[in-house]
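Everything numeric here is computed off the predicted structure, so don't read it as measured data.
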There are 2 protein chains.
Amino acid sequence: MTRILVVDDDAQITRALRINLKARGYDVDTAPDGAGALHSAAHTHPDLVVLDLGLPDMEGAEVIAGLRGWTAVPIIVLSGRADSADKVAALDAGADDYVTKPFGVDELLARIRAVTRRGRPAGEENPVVLIGDREIDLAEHSISGGVRLTPTEWQLLEHLLRHPGKLITQKELLHDVWGPQYQTETNYLRQYMARLRRKLEADPARPRHLLTEPGMGYRFRP
Amino acid sequence: MTRILVVDDDAQITRALRINLKARGYDVDTAPDGAGALHSAAHTHPDLVVLDLGLPDMEGAEVIAGLRGWTAVPIIVLSGRADSADKVAALDAGADDYVTKPFGVDELLARIRAVTRRGRPAGEENPVVLIGDREIDLAEHSISGGVRLTPTEWQLLEHLLRHPGKLITQKELLHDVWGPQYQTETNYLRQYMARLRRKLEADPARPRHLLTEPGMGYRFRP
DNA sequence: AAGCGCGTTAACGGGATCTTGACGACGTGC
DNA sequence: GCACGTCGTCAAGATCCCGTTAACGCGCTT
């Protein structure tokens, strides 16, 4: 079953697309803004993303870049602007197709078929993140060197790796990994950051990539 | 060097595209009609085809079908008609993208980059997968050594074998093999993974290829 | 009717994983 | 120098998850 993530702040459009796509046998998730889109994509790993450009919280190129940082999932951009410059920007940012509104549902469906048709050629390589001499493949959930991670460890690591260099607050990590009611249980973080460092850092006592920002949170340095 | 075949009966357009594409470092061939396009494509094996639909000798769908009969080369269709039905027909015939005239050269170039960006499939793939000393042919649904699998076992095995090395989550497997409402019935997975291992692994208690990732899912290691 | 293959449930023991609490080490501000 | 908060570490117990065994129902063949 092909899973499609529809990103649009216009509830009418998401609803219409959800109905039409479901009727065609696709599995549909929706997100109303860029942050929700990145979050949902990271969580559900869709097979295709339909992305509206007029989002309230982020530029379209930012969303595309946020996805392309770790996945090669096909992206079809929807936009009200037929301006050539916009198309070029979106396509070069990593989008696979660009459809201007108003669009026919038939056309969108055809483009979805066209984009998903070329499946996954065998020769492709997943983007890998490096921590020291270890290669981490987020798509495969695999790490070189025979290292295995538990589910909680993976969730925590993914949140850090998906935003290289960015500081992630403790509240954010606790909320996203453990849930809304754990936002003050910082001992969980200490526990699991220690385990990650033991498994990934060459010298766990002197981390070079999984850094602590005292009083704030943690940060992944590539 | 990327070779592009431009097919259009309007000499002005072919000339303009030839100049623009050459300036961008592409190698350009041109053909004025469908017959010439098929002949040229068979002869030079271009990396991309830009195909106008208003050809004098053949229908656009015929040209696309003629190409798709033997090659998976990306095809970008140009057309003066913005009619939705035309787009659907062309895309479903096998085209990869559809641009309506008049179009901006920038946009076309961006779409060319988008289509050629994904690595091309290149050669045929051997559909035989090895598990230990057993050969598994996914296309023929056959296994060496007199092993037979039930339909459910096949579905499960296929999902794992289609993504070698990748971790497939339990939810994903349950959803795709048994259906959306079985996403939490992990006992099915335990049951059938055990059967697969009994039939395929040399030592079912110590699987070397059908691996468990505790709390996450399963993985096929070639 | 009986036998067989296949899919579906249920239950259990062992082990890995998560949770929880407590203890120093370190740095900061008073 | 001292109190305080934050962080890293350790060591339990509780909990969840996995592999396994066993049984049942259904459709088909014998």
Exercise for the section: Before accepting this row, confirm whether a basic side-chain N of the pair A:R113/B:D92 lies closer than 4.0 Å to the acidic partner's carboxylate O. Expected result: yes
Exercise for the section: Could you tell me how the ring of A:H39 sits relative to the ring of A:H159: parallel (under 30°), tilted (30 to 60°) or perpendicular (over 60°)? Expected result: tilted
Exercise for the section: Could you list all the side-chain hydrogen bond (donor to acceptor under 3.5 Å, both in side chains) pairs where at least one residue sits in residues 210-222 of chain B, not counting sequence neighbours? Expected result: B:R197-B:T212, B:E213-B:R219
Exercise for the section: Could you note down all residue pairs passing side-chain hydrogen bond (donor to acceptor under 3.5 Å, both in side chains) where residues 52-67 of chain A supplies at least one of them, sequence neighbours left out? Expected result: A:D52-A:K101
Practice task
Side chain of A:W178 only, please: which of D:dG19, C:dT17, C:dT19 is the nearest?
Solution key: C:dT19
Exercise for the section: When you get a sec, tell me which of C:dG7, D:dG8, D:dC18 is the closest nucleotide to the side chain of B:P151? Expected result: C:dG7
Exercise for the section: Kindly say if A:T150 contacts the phosphate of C:dT17, meaning a side-chain N or O under 4.0 Å from OP1 or OP2. Expected result: no
Handout entry: Side-chain touch B:L167/B:L211, heavy atoms, less than 4.5 angstrom
Key = no
Rounded to whole angstrom units, what separation is found between the [atom1] atom of [X] and the [atom2] atom of [N]?
X: B:Y192; N: C:dC6; atom1: OH; atom2: P; answer: 9 Å
X: B:E213; N: C:dG15; atom1: CD; atom2: C1'; answer: 16 Å
X: A:L189; N: C:dC18; atom1: CG; atom2: C1'; answer: 14 Å

Problem - 5′-ward residue of the pair A:R148/A:E185 relative to DNA chain C - result: A:R148
Exercise for the section: Could you list by number each residue of residues 153-177 of chain A showing a heavy-atom separation from DNA chain C of less than 4.0 Å, or answer none if no residue does? Expected result: none
Completion exercise
Residues pairing under salt bridge (Lys or Arg N to Asp or Glu O under 4.0 Å) where one sits in residues 13-25 of chain A, two or more places apart or in two chains, turn out to be none
Completion exercise
So the salt bridge (Lys or Arg N to Asp or Glu O under 4.0 Å) pairs with at least one residue in residues 153-164 of chain A (sequence neighbours excluded) are A:E153-A:R195, A:E153-A:K199, A:E158-A:R162
Hey, what are the protein-to-nucleotides 24-30 of chain C N/O distances that come in under 3.5 Å?
none

Practice task
State which residues pass salt bridge (charged side-chain N to carboxylate O under 4.0 Å, His left out) with B:D106; sequence neighbours excluded, sorted by chain then number.
Solution key: none
Handout entry: With A:D86 via salt bridge (charged side-chain N to carboxylate O under 4.0 Å, His left out) - residues at least two apart
Key = A:R81
Practice task
Just jot down the side chain to side chain contact (heavy atoms under 4.5 Å, CB included) partners of A:P151, sequence neighbours excluded, or say none.
Solution key: B:M216
Practice task
Mind listing the residues from residues 215-222 of chain A sitting with a heavy atom below 4.0 Å of DNA chain D? Number order is fine.
Solution key: A:G215, A:Y218
Problem - Base-contact (B) and sugar-phosphate-only (S) positions in nucleotides 20-30 of chain D, heavy-atom cut-off under 4.0 Å, - elsewhere - result: BBB--------
Cut-off 3.5 Å, no hydrogens considered: what does the side-chain donor-acceptor table look like for residues 168-181 of chain A, sequence neighbours left out?
| from | atom 1 | to | atom 2 | distance (Å) |
| --- | --- | --- | --- | --- |
| A:T169 | OG1 | A:E172 | N | 3.1 |
| A:T169 | OG1 | A:E172 | OE1 | 3.4 |

